[in-house]
Each structure stands twice: as C-alpha cells, then as structure tokens.
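Here is the structure we will look at, set down as structure tokens.
In what follows, chains carry the letters A, B, and so on, assigned in the order in which the sequence lines appear, proteins first and then strands, with residues in each chain numbered from 1. Small disclaimer: the values here were computed from a predicted structure and weren't measured.
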Amino acid sequence: MTIQLFNTLKRTKEDFVPIDAKRVRMYVCGPTVYDYAHIGNARPVVVFDVLYRLLREIYGEDHVIYARNITDVDDKIIKRALDSGESISDITKRTEQAFLDDMSALGALRPDVQPRATEHIANMITMIGKLVAAGHAYVVEGHVLFGVSSYKDYGHLSGRNRDEMIAGSRVEVAPYKKDPADFVLWKPSTDDQPGWESPWGRGRPGWHIECSAMSEKHLGPTFDIHGGGQDLIFPHHENEIAQSTCAHGGSKFVNYWMHNGYLMAEGEKMSKSLGNFYTVHDLRDEFPGEAVRLTLLKTHYRQPLDFRKDGIREAKKELDDFYLALRNAGVKADVPDTVAGPVMAALGDDLNTPKAIAHLFELKTKLNAATDASQKARLKGELLLAGDLVGLLGQDPETWLRGDDKSASGLSDSDIDAMIEKRKQARANKDFATSDRVRDELAEQGILLEDGATGTTWRRQ
RNA sequence: GGCGCGGUGGCGGAGUGGCUACGCAGCGGCCUGCAAAGCCGUGUACACCGGUUCAAAUCCGGUCCGCGCCUCCA
C-alpha cells in the first residue's frame, strides 16, 4: 500500500515513494544529553516511532533503517559540567541511559542505529574539508564557517529568503562573518573545553554538522525521510540541507521532511520558571508510560498539543477500559494476518493516529458486545494487532489491571484474594451487609471489585 | 517588524463544501442482591464579522485571541 506524508519541503501531503523499497531510510534528530528528556523531546520520539512501525509493516522489518543521533558534544553540556562539577562523560553517559529508559517506557522501539556525535568527529572533519575545498566554507579566526551565498537554495525549507532573515535579525552578527547568515561548522576550543585536532586547529564541531555527517555515514548521501520538531526547521534543518547538499556535489539530501508540532503544558508555554516543565522521568513516577504515549498520540502529530496531567489521567482510564475488554473477552486471541483496513488507512493518511485510535475504540466496543467465542477471539486479535501498530495494548491485561503487588506497602494479592473469598461466603449467605463492607474496605485501598458471570475479579486503581 | 501554525459540543480531539467521527465526563434504560464493568440511548459544536454557493464548521476577505521560529543561542 502507498501512504501519504506531509512534506515540509512542499507544504503538502504527497505519496511516499522510497528510493529503495528494500532499504527505506529515516533519520530523526535525537537528544542533546545534558538533562532528562521532557515531554517536548518525547513527542517526536513517539510520533516517529509510529512511522517506523508503519514502514516496517509495509516494507518489512528488515527493510527499514531508522537512525537517531545522540548529541554528546555541545556547549549546553559543557556549561552543565561547569555548573555541577560532574564530568562531561559522566553527564552524557548517565543522561543517555536515562533517555533510553524513558523512551522505552513510552513504548518506543530502539532505532536501528543510534550514532553518537563524539564517535563521528572524523566524519565531520572530512565533510568540512570537502566544503572548504569546494569553496562552500571558509576559515577565519580559527572558525570554519559555511558561506550561505554559495548555496542558491538556502532558505527553501523554512520558506524564507535571505534578505528577510537579515532584516529581521535581532542577534548580533559575529564580525568575522562574510554574510550574516553564515553559520559555524567548526569552532576552536580552549584547553578546558572538549576538543579534537583538525586541519583548523584543536576545536569542536558546530551544532548542525553532526547530523549531516552521521546521516551520510549510516544512511548514505541521499535518503528518504528526515524528521524532528517544528522548532528545528530553522536554522538546524535548513543548515543541514545546505551542508549535505554542497558536500555531495548538489545531489538531493532528503526526499521527505517531516516535523511535529509544538507542545504547551497546562495551557501555558512550557517553561521551568512556571514549573510546568514535565520530564518523562518525573511523569513515570505518577503514570504508566503507556498512558503518556496514548496522550501524545491522541493528537495528530502536526497539531499543537497542550499537554495536561488531566489528559494523562483520561488516557489511563481509556487504557484501563481496553485492558478490561481484553481480559474480559476470556478467549485466546485469534490474530489476523493483516491490520484492520480502517486503521491502516488512517495511519497511511499522514499518520492520523487520533483516527486510528478511534477505530481501536470501535473494535473494543465490538469485542465487548460479541457473544460468540470465535468472534471474540477474532476481534481480540484484531484489536491487539492494530494496537501494536501504534505501540499500544502490548502488555498483559492482568498485569496492567492489577499493577504491582503492594505487599510491602499495602494489601498483597493474596490478602485481596482472602478478602474476596470472605465476601463470597457472605454473599452465599445473603449477608449483603458484610459483603458490601468488604468491598468498601477494599475500595478504600484502591482495589475495585467486579462481579462477573464466572466469579469476582479485581483491579488496582 | 518578517515568516508560519492554531481557535470544533462541559473537556480531549478527527473531519474539511451536503451524510452519527471517536473518546472522557454527565443523564436515561438494560443487566446486577446493590454496585462495578458492559451494552443500548442521549449533545440545536465548529472564535467573530462579511462574502461566494442551491448548500460552509469546511472556500474567499477582514477582525480578535493563543502559539512557534527569526542563525552558532538558554
């Protein structure tokens, strides 16, 4: 099947045609590892994880290569090390691990390649060398700068022309620049800053060059999809295009550029001073990662998203209902070969996850209403398969509903079973006062009882 | 100032010329000892003002409000 994707380059939806259907390649800008990932960092990870799953479904698991970088050299990291006293390598290692843990809690698959910037310095130096040799970059005061006037299409992605940029500039322009829009490829490091020997002296890469060098190494000079947050369109992606295109003799860099919309938190622009800067690490203490994932996917990826804790609570409730339906079906899933048509159609239409999830709800309702065992098994299988495509509903329902055994801090599973047994006796004797008291006591502990045809089941709130 | 995005029922959120989105919450019914869960039913929504059209939330113009980016930087 052919899917459609919104291409920022063209500002319109287009049919997605891979360069090589046996080797579909996508690159997404990853984190700078100096602090816990916040929810704004998580959105592209989750969104492009759905795209990755969809591409694997269509082209085959072995025919999609997904690369996401780890930026482990950056002035923010240097500053953090200076402020905290922790060594740069400790900061980056610890933060990278936290990032991977957090993203996996959100149900994101590991990319096939996760290149680190510090392991690709040689590739960057080579690329910068080519740019200098070809006259696209120049050396001044220990800096290597890309000269934007050497690339006629500069500004195409972000839809701006250079005159506007200069006119609207509110930032002081470094005096050594030939053109105010020129940007740094390589800059000198002082002795106490991380640095590498290069033809231009000891220094470190500028922000943009790493993505160009790493995508070239792992995906080749031209590849299919490049993704990231909308805030990266300018200057980061614009500069990547300029660098890569010029380093490759003018050949096309990326066919489809995709950008997710920005986030707010609790109706406000996210900011540390307002205290609404949610990190995934903190949210995980309060909510299951899957509820955070669903919250992100309930809004189309290009729409603005106001991220609220009430929204996560609602998503948690919805997941409870899904897992309840899966458990209560009481049959083994009969999983079909292909994902339900409406779900594929929704995702194939520029990743319409809200619509895909609406179909998940419809499947759930059908499953709950079904009476025939084979029909239930089929619907359960359809729901699970469709859920998997968006990275949801993959947990064991009983585990989800019962949560962790709280024997240390509260009622253990066996305590609960004993009380349910006691209540069962009371009900058999029509002693409903005792029966209801037991249920209330459990409810106070957050344990909900549900009397079904085959006995009483329970779950933790 | 420049470029761009968005404003849908109590809430979240699709849709984008005529047909129930979907979900959460609420209300009514069925089921239940009572509940819960589930099923069924239930909402004169599309920021405002003009215009185009047989028909607009959907197209066009204007207004208001919210937000993003504007270069080496937090």
Whole angstrom value for the distance that separates P of B/A37 from CD1 of A/Ile447: 16 Å
A/Thr71 side chain to A/Asn69 side chain, donor-acceptor N/O pair below 3.5 angstrom: yes
Validation row: A/Asn123, A/Glu210 side chains within 4.5 angstrom (heavy atoms): no
P gap between B/U63 and B/C73, integer Å: 37 Å
Between B/C34 (P) and A/Leu442 (CG): distance, integer Å: 21 Å
Summary of salt bridge (Lys or Arg N to Asp or Glu O under 4.0 Å) pairs that have at least one residue in residues 29-51 of chain A, sequence neighbours excluded: A/Asp35-A/Arg80, A/Asp35-A/Lys272, A/Asp49-A/Arg53, A/Asp49-A/Arg293
Rounded distance (Å) that lies between atom P of B/C3 and atom NE2 of A/His156: 18 Å
Nearest-Å distance once atom C1' is located in both B/A14 and B/U20: 13 Å
Of the listed nucleotides B/G66, B/C39, B/A36, the one nearest the side chain of A/Tyr262: B/G66
Watson-Crick or G-U counterpart of B/G4, or none if no pair lies under 3.5 Å: B/C67
Whole-angstrom distance between B/A45 and B/A36, as gauged at atom C1': 32 Å
What pairs of nitrogen or oxygen atoms, one from the protein and one from nucleotides 19-23 of chain B, lie under 3.5 Å apart?
| residue | atom | partner | partner atom | Å |
| --- | --- | --- | --- | --- |
| B/G23 | O2' | A/Glu318 | OE2 | 2.4 |
| B/G23 | N2 | A/Glu314 | OE2 | 3.2 |

P spacing across the pair B/G13 / B/A47, given as an integer number of angstrom: 15 Å
Any A/Asn328 side-chain N or O less than 4.0 Å from OP1/OP2 of B/A37: no
Gap in Å between the two P atoms, one belonging to B/G41 and one to B/C22, rounded: 10 Å
N/O (side chain, A/Lys269) to phosphate O (OP1/OP2, B/G68) under 4.0 Å: yes
Non-hydrogen side-chain atoms of A/Phe146 and A/Cys246 separated by less than 4.5 Å: yes
5′-ward residue of the pair A/Gln230/A/Asp75 relative to RNA chain B: A/Gln230
Ring-ring centroid check A/His208 A/Phe183, cutoff 6.0 Å: yes
Modelled atom types, side-chain donor and acceptor of A/His259 and A/Thr8, under 3.5 Å: yes
The single option from A/Glu444, A/Arg439, A/Arg437 passing side chain to side chain contact (heavy atoms under 4.5 Å, CB included) against A/Glu441: A/Arg437
Any A/Asn239 side-chain N or O less than 4.0 Å from OP1/OP2 of B/U71: no
For atom CG of A/Asn429 and atom P of B/C34, their distance in whole Å: 18 Å
Separation of B/C24 P from A/Arg308 CZ (nearest whole Å): 15 Å
Interatomic distance, A/Gln303 CD vs B/U16 C1' [rounded to whole Å]: 12 Å
No-hydrogen, no-angle side-chain donor-acceptor test under 3.5 Å, A/Tyr278 and A/Glu266: yes
Pairwise P distance for B/G7 and B/A57, with rounding to whole Å: 15 Å
P atoms of B/U53 and B/C60, separation to the nearest Å: 16 Å
Atom pair distance, as rounded to whole Å: CG in A/Asp231 and P in B/C70: 9 Å
Rounded interatomic separation in angstrom, taking CZ from A/Phe234 and C1' from B/G2: 12 Å
P spacing across the pair B/G38 / B/A25, given as an integer number of angstrom: 9 Å
